[in-house]
Amino acid sequence: MTNCLFCKMVAGDIKPDVVYEDDTVMAFRDINPQAPVHILVIPKRHIATLNELDDDRLGGQMLQTAVKLAEQEGIAEEGYRTLFNCNRNGGQAVYHLHLHLLGGRALHWPPG
Ligand code: 5GP
Ligand code: ZN
């Protein structure tokens, strides 16, 4: 998708702070972090929302990547949160699927 922000990152036209990359997924630090650790894990191919995720394996790879990064960032033991925002009521702003990894502080529940 030519006019998708995250596809531009995958293509290398925009360079985020990448913390992990392989053939299928990429992870980078959020530009507006909501916690000391705030990383986004995305599939390299364009999928607009969680509703369009048609690949169990890819979903698993994204989650496993988040867990590995939580360990790498030193937040696995204290705890962290992973989440997908989906569509308007879910608060999705960028329409390329992304898994948020948040940690490094106590997170409130329920979210607003
Ligand atoms: P959403 O609300 O769609 O779940 O989250 C989109 C996230 O993407 C937000 O947390 C926002 O800060 C982040 N974001 C938006 N634009 C950029 C950008 O240009 N670079 C990076 N690294 N993150 C971005
Ligand atoms: Zn995209």
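Counting convention: from 1, in listed order, for ligands and their atoms alike.
Remark: ligand 1 and Met9 share no N or O pair separated by less than 3.5 Å (distance only, no angle test). Between His38 and ligand 1, no N or O atom pair is found at a separation short of 3.5 Å.
Among the heteroatoms counted here (N, O or S) of His96, ND1 is the one nearest to the Zn ion (ligand 2).
Rounding to the nearest 10°, we obtain 110° for the angle at the Zn ion (ligand 2) between Cys4 SG and His46 ND1.
For Phe6, every heavy-atom contact with ligand 1 shorter than 4.0 Å involves the side chain, none the backbone. At a heavy-atom distance under 4.0 Å, only side-chain atoms of Phe28, from C-beta outward, approach ligand 1.
For atom 8 (O) of ligand 1, the nearest non-hydrogen atom of the protein is Leu40 CD1, 3.5 Å. Nearest non-hydrogen protein atom to atom 3 (O) of ligand 1 is Ala93 N, 2.6 Å. The protein heavy-atom contact nearest to atom 2 (O) of ligand 1 is Gly91 O, 2.9 Å. Summary of contacts: the protein heavy atom closest to atom 22 (N) of ligand 1 is Arg29 O, 2.9 Å. The nearest heavy-atom contact from the protein to atom 6 (C) of ligand 1 is His98 NE2, 3.5 Å.
Salt bridge Asp13/Lys8: absent, no basic N to carboxylate O contact under 4.0 Å. Checked for salt-bridge contact, Glu78 and Arg105 miss the test: no charged N lies under 4.0 Å from a carboxylate O. Salt bridge annotation for Arg45-Asp55: present, with a cationic side-chain nitrogen under 4.0 angstrom from a carboxylate oxygen.
Taking every non-hydrogen atom of Val94 and a distance limit under 4.0 Å, the qualifying atoms of ligand 1 come out as 3 (O), 6 (C). Less than 4.0 angstrom separates some heavy atom of Asn32 from each of these atoms of ligand 1: 12 (O). Within ligand 1, the atoms closer than 4.0 Å to a non-hydrogen atom of His100 are 1 (P), 4 (O), 5 (O), 10 (O), numbered from 1 in the order shown. Below 4.0 Å from some heavy atom of Asn85 lie the following atoms of ligand 1, by number and element: 1 (P), 2 (O), 4 (O).
Val19 is connected to Val67 through a chain of hydrophobic side-chain contacts under 4.5 Å among Ile, Leu, Val, Met, Phe, Trp and Tyr, so both are in one cluster. Hydrophobic clustering (side-chain heavy atoms under 4.5 Å, transitive across Ile, Leu, Val, Met, Phe, Trp, Tyr) keeps Leu50 apart from Ile42.
Taking CG of Leu40 as the start and CE of Met9 as the end, the distance is 8.0 Å to the nearest 0.5 Å. Taken to the nearest 0.5 Å, the OH atom of Tyr20 stands 13.0 Å off from the CD1 atom of Ile39. Rounding to the nearest 0.5 angstrom, the gap separating the OH atom in Tyr95 from the CG atom in Asn3 is 14.0 Å.
Closest heavy-atom approach to atom 9 (C) of ligand 1 among the candidates Asp30, Asp17, Leu5: Asp30. Counting heavy atoms only, Ile31 comes closest to atom 14 (N) of ligand 1 of the residues Ile31, Ile42, Val18, Leu97.
Of the possible polar contacts, none joining the Glu73 side chain to the Lys68 backbone as a donor-acceptor pair under 3.5 Å is found.
For His100 and His98, the ring centers are positioned less than 6.0 Å apart.
Heavy atoms of other residues, nucleotides or ligands lying less than 6.0 angstrom from CG of Asp23 number 12 at most.
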